[in-house]
2 protein chains.
Amino acid sequence: MEAGEQAIPVWLRERRTGVGRPAERSRAEVTAAAIALADREGLAAVSMRRVAAQLGTGAASLYRYVAARDDLLDLMADEVAAGYDLPAPGGPWLTGLLEVGRQGRVLMLRHRWLPELVLTRPALGPHGVDLLEHVLAVLAEHPADTTRKMEAFAVMNTLTAALALNELSITSGTRHRQGAYLAHAVAAGRHSHLAAALTGASLMPATPAERFEDTLARILTGLLGAA
Amino acid sequence: MEAGEQAIPVWLRERRTGVGRPAERSRAEVTAAAIALADREGLAAVSMRRVAAQLGTGAASLYRYVAARDDLLDLMADEVAAGYDLPAPGGPWLTGLLEVGRQGRVLMLRHRWLPELVLTRPALGPHGVDLLEHVLAVLAEHPADTTRKMEAFAVMNTLTAALALNELSITSGTRHRQGAYLAHAVAAGRHSHLAAALTGASLMPATPAERFEDTLARILTGLLGAA
DNA sequence: CATCGTTCGCGAACAGTGTTCCCAAAGGTG
DNA sequence: CACCTTTGGGAACACTGTTCGCGAACGATG
């Protein structure tokens, strides 16, 4: 409708060359400042004014590097995806995919704002495309059709983000807010299975990393077939 | 830290009885207005002022029913979860879970703002707890331990939301924004598997509903074991 | 070296946002 | 009829994303 040229993603909107006053900063610099701010104070703190302040400039200047705040968020997510350090494809596809998941989890725990971004705005930038290419390479010998492989990629990203978000909600106090009502509901009776489940031995034997890997492995084999 | 009593979720914060001037509206009424607004204009349109306007009151009045906007969002999500109409547990657990997934998908397609809420703020209200109880009942005979059953519930919710979000992004034009850069990356060479995947016959034989069900079935059997 | 075309930096302003304060009004209860 | 508690909500505060328009800075051109 009203989005004429704006349908073009950030990464394709390159700045013109040579002519005119040269920019004092780069898109990468702005992105880095935003990431640093988000790491320190969370996604909500990433406002145009605060990012600009972090760079020592005015808020309006950022619009020379980015068309809107959402573009900045896309840039942040894709920039973190540059942190994957993936081995050359080869060996069983499941181990290859698990390695991707493992690293994704670490990146998301390191940047606590990433899961929310991955879940709500799954945009593919240059590094995201590289990651997809890697996954497809790992699955090159796999007999599944293209659609299913793409689906596996999406499911892996989504699930990694969701599980990471869950882990993070345990660390920060966010988790107790949910348990509060749950406990109340159980105490009120009328939820027999739930009550039984919560009173049952809630043993957590494995480390979070192990649990994550186990879950991801089960789901990927379910989606793509056994080893 | 600074959240003393505010750690209590909305559903436990009931209003006092009898004494004082009676409220002109109910929490359910406010929630319904917010849902109607979101259905019509999206989640971003759900501001305190606009919800209040929809009810013909002032914005500040809403804080008599809700402690913050986030509470309102939680109420909206849980209210929609009242829309599940689930058969009594019985029969194979997989068919029971698939029915839950099917209905969840329909609810999310009907309320296009729900997936985002489910993904980023997975809070359990009364109806959410009822749903969890139902899932545990369906899985009552299943040998898996409690933690895994809870995990299956979470994975089901997350995945349903993510897949619904994906479906919705195809309907609205949002999808092309992603494909734009993907096409560019492929055209630039250097992504052989991706290029092969995209040029391959992209046949979409099944309906979205069928694809959704197939994916969910595969993942649930992967997580919980074969039928 | 001056001019020109273009781009950059960014203060100011606009239209919103969530939330808090405070006070007037309303209603049951004693 | 007071009293006490609670509701309704205008006004204000501290922000937000974004646009406008200007002056200044630069590379290329004459």
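Note that these values count all heavy atoms, side chains included, but never hydrogens, waters or copies made by symmetry. Letters go in sequence order (proteins before strands), and every chain restarts at 1. These numbers come from a predicted model, not from an experiment.
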Report yes if at least one side-chain N or O of B/Ser61 is closer than 4.0 Å to OP1 or OP2 of D/dG8; otherwise report no. no
Atom pair CD/CZ of A/Glu213 and A/Arg105 - distance to nearest 0.5 Å: 9.0 Å
To the nearest 0.5 Å, tell me how far B/Glu79 CD sits from B/Arg27 CZ. 12.5 Å
To the nearest angstrom, how far is A/Leu62 atom CG from C/dC10 atom C1'? 10 Å
Side chain to side chain donor-acceptor pair (under 3.5 Å) against A/Asp130, all qualifying residues, sequence neighbours excluded: B/His191
Side chain to side chain donor-acceptor pair (under 3.5 Å) involving B/Thr120 - partner list, sequence neighbours excluded: none
So which nucleotide from D/dG8, C/dT19, D/dG21 ends up closest to the side chain of A/Arg64? D/dG21
Walk along nucleotides 24-30 of chain D from 5' to 3' and tag each nucleotide B, S or - by protein heavy-atom contact under 4.0 Å, base first, then sugar-phosphate. BBB----
Contact residues, residues 23-31 of chain B to DNA chain D [heavy atom, < 4.0 Å]: B/Ala23, B/Glu24, B/Arg25
So CZ of B/Arg50 and OG of B/Ser47: to nearest 0.5 Å the spacing works out to 6.5 Å
Validation row: B/Phe153, B/Leu124 side chains within 4.5 angstrom (heavy atoms): yes
Would you say B/Tyr65 reaches D/dT7's phosphate, i.e. side-chain N/O to OP1/OP2 under 4.0 Å? no
Spacing of B/Thr215 atom OG1 and A/Glu151 atom CD [to the nearest 0.5 Å]: 3.0 Å
Under a 4.0 Å heavy-atom cutoff, the residues of residues 42-59 of chain B touching DNA chain D are B/Arg49, B/Thr57, B/Gly58
Spacing of A/Arg69 atom CZ relative to D/dT19 atom P, expressed in whole Å: 15 Å
Greater than 12 external heavy atoms within 6.0 Å of B/Arg112's CZ: no
Scan residues 184-194 of chain A for pairs that pass salt bridge (Lys or Arg N to Asp or Glu O under 4.0 Å), counting only residues two or more places apart or in two chains. none
Is any side-chain heavy atom of A/Arg40 closer than 4.5 Å to one of A/Gln54? yes
Using whole Å, what does the distance between atom C1' of nucleotide D/dG21 and atom OH of A/Tyr63 come to? 16 Å
Pairwise side-chain contact, A/Tyr65 with A/Asp71, heavy-atom cut-off 4.5 Å (strictly under): no
